[in-house]
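Per chain, numbering begins at 1; letters A, B, ... match sequence-line order. Not measured: the values here are computed from a predicted model. What's counted below: heavy atoms across the whole structure, side chains too, no hydrogens, waters or symmetry copies.
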Amino acid sequence: MRISQLFGKTQRELPAEADTASHQLLLRAGMIRQIAAGVYSYLPLALRALNKIENIIRDEMDKAGGQELMMPVLQPLELWQQTGRHGALGQILFTLKDRRDRQLAMGPTHEEVITELVKYNVQSYRDLPQLLYQIQTKFRDEPRPRAGLVRAREFAMKDLYSFDADEAGLDISYEKMRVAYQNIFDRCGLPTVLVEADSGAIGGKESKEFMLVTDSGEDEIIHCSCGYAANTEKAASAKSIAHSEELLPIEEVATPGKATIEEVADFLKVPHSRTLKAVFYVADKNFVFGVIRGDLEVNETKLKNALHCTDLRMATEDEVKEAGLVPGAASPVGIKDIQIIADDSVSSGTNFIAGGNKPATHIKNVNYPRDFKADIITDIAKARAGDTCPRCGGKLASSCSLELGHIFKLGTFYSAKLGASFIDKDGQSKPIIMGCYGIGPSRLLAAIIEHHHDDKGIIWPASVAPYQIHLCPLYREGSKVAEVTEKLYADLTAAGLEVLLDDRQESPGVKFNDADLLGIPFRVTISPRSLEKNSIEVKRRSEKQAELVGVEEAVSKLRELVG
RNA sequence: CGGGGUGUAGCGCAGUUGGUUUAGCGCGCAGCGUUUGGGACGCUGAGGUCGGUGGUUCAAAUCCACUCACCCCGACCA
């Protein structure tokens with residue numbers, strides 16, 4: 001491709017719209033253009049890179065036994081009502097009406113459609129397992145699109161769905177995908193961390209995310225040098241025994257004007273871990289009393305899962321009062337008719353300070369289960385950097401990261417609701433066991449740039465670069481630059497290499513800067529200076545030094561370098 | 001949805017106490033000439049519903065009201 005004809009222009013100045021590196025570079029390189037919040041056109045260079053990413057994914061999916069298909073973007077809203085996800089995804093679903101007033105959704109994902117499809121094509125265990133995938137544009141009305149292609153409302157998505165007859169089969173499919181995903185990220189030059197993730201309300205039994213550690217990420221992950229890694233929604237930490245003493249009798253203590261854990265602990269001169277914190281939520285319209293050790297915080301995802309609710313929010317002060325509690329001095333001791341959920345940290349110590357259930361009063365020496373009972377006691381605490389690793393006892397660290405892929409054991413949630421069953425060997429009808437495995441090629445495009453760039457521009461890994469070779473002729477009248485360049489361009493192209501030719505009448509500085517910005521792996525400079533030595537210059541984008549290569553062996557040398 | 005910010009040419013911006021403004025500047029773009037190893041220079045030129053609507057006024061990019069869009073933080077993100 002000749003740059004003089006390439007659709008898309010580079011920009012010198014930083015676009016005011018963009019803050020993250022990938023967004024800025026994609027815009028400056030003339031690769032994308034926004035038309036609405038989170039909605040982009042992909043210009044030729046971006047599309048070439050995207051296609052390469054998608055083909056790597058395709059290749060790995062096919063190797064793992066996947067079959068590609070295509071499914072509708074327009075989906076009847078009824079289908080979503082059948083699985084109840086209309087509510088769960090409600091806000092995020094783009095919906096529209098057709099001329100007969102039928103409601104349709106623009107597919108944000110395709111579990112419903114594929115299950116419906118599989119239902120009519122699988123009857124017997126002999127038809128299983130199946131690994132089916134699609135690479136398509138998906139639509140989600142995100143509350144806040146951000147960072148260009150990182151979180152868009154219209155974006156490329158690959159989803160593979162696995163269908164198995166039993167759990168053992170699902171385990172095999174899941175493992176195949178884990179390996180395939182690892183291969184995909186390796187081939188795209190992205191080092192990822194595999195973290196345990198929350199599987200959410202639809203109750204899959206296992207779920208992991210492939211995360212890229214990057215400052216521009218939007219998720220926090222907790223990890224340890226022993227290899228333990230988890231999304232903060234899921235992360236656990238070991239709650240050491242804070243203190244263990246002989247149990248003392250309960251004793252009231254006046255705490256005028258002290259409401260927060262900090263105030264009470266300071267006033268009574270005890271560490272935060274010596275107190276019990278009370279937190280109040282409304283879960284699916286039910287008032288819930290949460291208890292956790294004073295130095296810890298509640299992880300709302302864990303809480304939500306423990307309560308099996310779909311809607312969870314903090315209670316307002318009025319709601320707390322209405323429940324007969326005293327904000328700032330509430331205590332689980334003596335509470336009746338309110339659901340109490342306690343973090344297991346309440347048994348990690350003795351003689352805690354808790355609220356007194358009357359103004360300006362706390363009580364000392366509260367012990368679980370002697371003084372109060374919980375309807376549910378489980379881990380609902382947030383793991384934080386610096387906490388103790390639940391696996392090895394080491395110290396946990398946290399990093400900002402970007403979710404690139406998600407593998408998920410779904411179980412029978414969709415197949416049961418939509419009636420996708422098969423006849424097993426024993427003649428019994430059973431719901432098909434499903435898994436889903438998602439990866440966003442357009443987000444990968446951004447992630448690759450996020451990870452592979454310098455202050456001059458993009459540095460494409462060869463596997464996904466839009467072109468392999470960038471020819472930079474420095475034309476001079478009376479020189480053979482044009483002639484050599486044209487021959488080289490023709491020969492390299494004939495040799496099957498992907499070549500970008502900067503045939504513009506621009507100064508060397510402009511050409512070099514654009515070459516750095518576009519980030520093609522190999523830059524070849526053809527100039528009167530090098531032609532004097534009957535050579536051209538070859539420089540990797542990732543390196544500073546150029547290498548002289550004889551004009552005659554240029555094609556074979558470049559073929560070898562590109563590999 | 002809450003908080004903050006921005007809308008003036010393809011991009012980056014100035015102008016915003018109303019009036020010498022036929023709305024400027026830099027980049028980019030077109031033509032001509034001189035240049036050519038890290039974003040060259042000169043001359044000439046094209047390009048604008050000043051986000052939109054309504055209002056105030058002799059007069060609005062500028063003041064008022066409403067509204068739309070986009071960005072950032074948070075909430076949210078099966």
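For the P atoms, the distance linking B/A30 with B/G10 amounts to 15 Å, nearest Å.
Taking the side chain of A/Glu17 as heavy atoms from C-beta on, and the options B/C70, B/G26, B/G38, the nearest nucleotide is B/C70. Checking B/C73, B/A78, B/U36 against every side-chain atom of A/Pro508, the shortest atom distance belongs to B/U36. Residue A/Arg33 has its side chain nearest to B/G10 when only B/G10, B/G38, B/G39 are considered. Side chain of A/Thr109, nearest nucleotide from B/A78, B/C72, B/C27: B/A78. Picking from B/A40, B/A78, B/G12 the nucleotide with the shortest atom distance to the side chain of A/Val510 gives B/A40. Residue A/Arg476 places its side chain closer to B/U36 than to any other of B/G10, B/U36, B/C76. Residue A/Ala36 places its side chain closer to B/C70 than to any other of B/G39, B/C70, B/G38. Out of B/G12, B/G39, B/C73, the shortest distance to the side chain of A/Ala16 is found at B/G12.
Annotation: cation-pi geometry satisfied between A/Arg48 and A/Tyr467 (NZ/CZ under 6.0 angstrom from ring centroid, within 45° of ring axis).
Listed by chain and number, the residues in a side-chain hydrogen bond (donor to acceptor under 3.5 Å, both in side chains) with A/Glu483 amount to none (sequence neighbours excluded).
Within the 4.0 Å cut-off from OP1 or OP2 of B/C77, not a single side-chain nitrogen or oxygen of A/Arg140 is found. Taking only side-chain nitrogens and oxygens, A/Gln34 comes nearer than 4.0 Å to OP1 or OP2 of B/C71.
Residues A/Tyr437 and A/Tyr181 keep their aromatic ring centres 6.0 Å or farther apart.
Among the atoms of the strands shown, only primed sugar atoms or phosphate atoms (P, OP1, OP2) are found under 4.0 Å from some heavy atom of A/Leu14.
Distance CD (A/Gln81) to C1' (B/A78): 17 Å, rounded to an integer number of Å.
Under the 3.5 Å distance criterion, with hydrogens and angles disregarded, a donor-acceptor pair is assigned to the side chains of A/Glu112 and A/Thr83.
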